[in-house]
Amino acid sequence: MNELPIISRPSSAFSEEIKKVRTNLKFSSINDDVKVMAITSSLPGEGKSFTTANLAVAFAQYGEKVILLDCDLRKGRQKKNFNIAVKKSEGLSNLLINKEWKTEYKNYIKKTKIENLSLIPSGSYPPNPSELLASERFDKLLEKLRKEYDVILLDCPPANGLNDTLVIASKTDIVVLITKYKSTSIDLLDKSKKALEAIGAKIAGVIINQVDAKETNYYYGTYYKDKEE
Ligand SMILES: Nc1ncnc2c1ncn2[C@@H]1O[C@H](COP(=O)(O)OP(=O)(O)OP(=O)(O)O)[C@@H](O)[C@H]1O
Ligand SMILES: [Mg+2]
């Protein structure tokens with residue numbers, strides 16, 4: 001399965017919708033200073049990583065300097081999505097336990113084949129993902145990256161059941177919630193929304209993912225499903 005339709009099928013309905021999401025997130029007047037964005041969903045498999053990867057490319061194509069952080073320290077997959085060959089020990093979890101991170105953090109930033117787009121893969125599976133993500137070091141890393149990049153996208157684990165995402169969301173400017181069409185209940189979505197809001201996260205919007213084009217009128221907004229055309 002091709003995980004980057006934004007490149008392979010740039011004029012598909014999916015790619016058009018992702019570009020609209022990009023514009024809404026970064027360039028609407030309400031979100032003037034938005035740089036650090038977390039993408040999450042209630043449950044596993046709703047399309048967080050897929051959406052984040054394509055959104056990152058869409059920002060880069062627009063000329064923004066973008067870095068994607070794979071914050072799913074339990075089962076990160078962005079390295080695979082971008083087909084980057086790096087050692088498992090060269091990722092975010094390893095960076096966050098490296099005492100010399102201030103001088104060495106650039107070694108963990110990997111170039112992708114897409115101009116303007118870099119990636120920090122998730123790294124080795126750590127025993128304490130939530131603690132690493134809650135660390136002051138992670139705050140400081142984000143502060144450094146803010147000075148160097150226009151857009152910082154954080155691919156998160158699911159919000160329901162794990163503490164990791166709440167910890168990450170509290171450090172970001174906005175959070176985008178993904179929900180899989182006809183799959184996740186409104187109650188669960190609402191639960192995630194409330195949990196995020198309780199820690200002060202600003203939810204910029206909800207993307208309904210994997211809507212069947214046959215059932216839906218595209219002009220109702222961010223509804224899409226990528227399909228071979
Ligand atoms: N809009 C879409 N069109 C086609 N395939 C999609 C779409 N969204 C997601 N997928 C596919 O669904 C699968 C799950 O997506 P993804 O890995 O992005 O979910 P996730 O929410 O990040 O899951 P996890 O919680 O396990 O990290 C992937 O194989 C991906 O290719
Ligand atoms: Mg994922």
Side-chain angles (χ1 to χ4, degrees), residues 1-22 24-25 37-58 68-84 88 91-93 112 119-123 125-126 129-130 133 152-169 172 175-185 188-189 191-193 195-196 203 205-218 220-229:
M1 163 79 200
N2 167 22
E3 296 291 312
L4 295 174
I6 186 88
I7 292 172
S8 56
R9 290 187 298 286
S11 38
S12 63
F14 171 84
S15 300
E16 290 303 323
E17 294 300 330
I18 275 288
K19 286 179 212 159
K20 279 188 213 162
V21 172
R22 167 194 69 191
N24 288 339
L25 289 178
M37 311 180 198
I39 288 89
T40 189
S41 71
S42 304
L43 296 172
E46 297 199 76
K48 296 176 285 297
S49 301
F50 185 88
T51 306
T52 312
N54 284 279
L55 196 53
V57 175
L68 196 171
L69 271 57
D70 194 337
C71 299
D72 191 340
L73 302 186
R74 296 161 204 267
K75 53 170 186 173
R77 59 173 294 152
Q78 294 297 356
K79 191 168 81 172
K80 220 167 142 198
N81 286 351
F82 287 94
N83 200 10
I84 295 178
K88 213 171 163 45
L92 184 61
S93 56
T112 69
L119 167 73
I120 303 184
S122 55
Y125 181 92
S130 294
L133 296 164
I152 301 159
L153 286 174
L154 310 183
D155 180 13
C156 298
N160 198 52
L162 288 177
N163 202 31
D164 302 18
T165 298
L166 296 181
V167 165
I168 302 165
T172 64
V175 176
V176 178
L177 266 173
I178 309 278
T179 187
K180 191 170 171 182
Y181 181 61
K182 283 191 176 172
S183 169
T184 315
S185 73
L188 197 53
L189 185 63
K191 197 175 152 199
S192 305
K193 179 176 170 281
L196 287 161
I203 298 174
V206 176
I207 295 175
I208 303 171
N209 191 26
Q210 292 189 285
V211 170
D212 198 321
K214 281 190 226 101
E215 296 176 41
T216 316
N217 232 332
Y218 274 115
Y220 283 106
T222 52
Y223 299 160
Y224 53 78
K225 173 173 181 169
D226 180 58
K227 266 207 195 137
E228 299 290 341
E229 284 159 350

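Order of appearance sets the numbers: ligands from 1, and atoms from 1 within every ligand. Quick note: numbers below take in every heavy atom, side chains included, and nothing from hydrogens, waters or symmetry partners. Since this is a predicted model, take the numbers as computed values, not measurements. Position 1 is the first residue of the sequence, and the numbers go up from there.
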Margin query: For a quick test of reading the model, state the closest non-hydrogen atom pair linking Leu68 to Ala53 and the distance between them.
Written below: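 For Leu68 versus Ala53, the nearest heavy atoms are CD1-CA, 4.0 Å.
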
Note to self: Heavy-atom distances under 4.0 Å decide this one: backbone, side chain, both or neither, for Asn209 against ligand 1?
What the structure shows: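 The answer is the side chain.
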
Checklist line | ligand 1 versus Pro158: contacting region, heavy-atom distance under 4.0 Å | finding: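 Pro158 to ligand 1: side-chain contact only, backbone stays beyond 4.0 Å.
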
Can you list the ligand 1 atoms lying under 4.0 Å from a non-hydrogen atom of [X]?
X	result
Asp72	27 (O)
Pro44	25 (O)
Lys75	26 (O)
Gly45	19 (O), 20 (P), 21 (O), 23 (O), 24 (P), 25 (O), 26 (O)

Next item on the list: Verify the distance test for Ser49 against the Mg ion (ligand 2): any N/O/S atom under 2.8 Å, yes or no.
Entry: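 Under 2.8 Å: Ser49 contacts the Mg ion (ligand 2) through an N, O or S atom.
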
Notebook entry, point to check: Who's closest to atom 28 (C) of ligand 1 heavy-atom-wise, of Glu3, Gln78, Gln210?
Noted result: Glu3

Item checked: Short N-O contact, Arg74 and Asp164, less than 4.0 angstrom ->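 A salt bridge is present here (some side-chain N lies under 4.0 Å from a carboxylate O).
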
Ignoring angles and geometry beyond distance, decide whether [X] reaches within less than 3.5 Å of ligand 1 through its nitrogen or oxygen atoms.
X	result
Phe50	yes
Thr51	no
Lys48	yes
Asp155	no
Gly47	yes

Tell me if a side-chain donor or acceptor on [X] pairs with a main-chain N or O of [Y] at a distance below 3.5 Å.
X	Y	value
Ser192	Leu188	yes
Lys88	Ser122	no
Gln210	Tyr181	no
Asn209	Ile178	no

Next item on the list: Evaluate side chain to side chain donor-acceptor pair (under 3.5 Å) for Asn163 paired with Ser130, printing each intermediate quantity in order.
Entry: CA-CA 6 Å; Asn163 202 31; Ser130 294; 4.6 Å; no

Note to self: Within the supplied structure, the quantity of interest is the number of heavy atoms (other residues, nucleotides, ligands) at a distance under 6.0 Å from Lys19 NZ; does it exceed 12?
What the structure shows: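 More than 12 heavy atoms, drawn from other residues, nucleotides or ligands, come within 6.0 Å of this atom.
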
Notebook entry, point to check: Is it the case that Ser49 and Asp155 place a side-chain donor and acceptor less than 3.5 Å from each other?
Noted result: yes

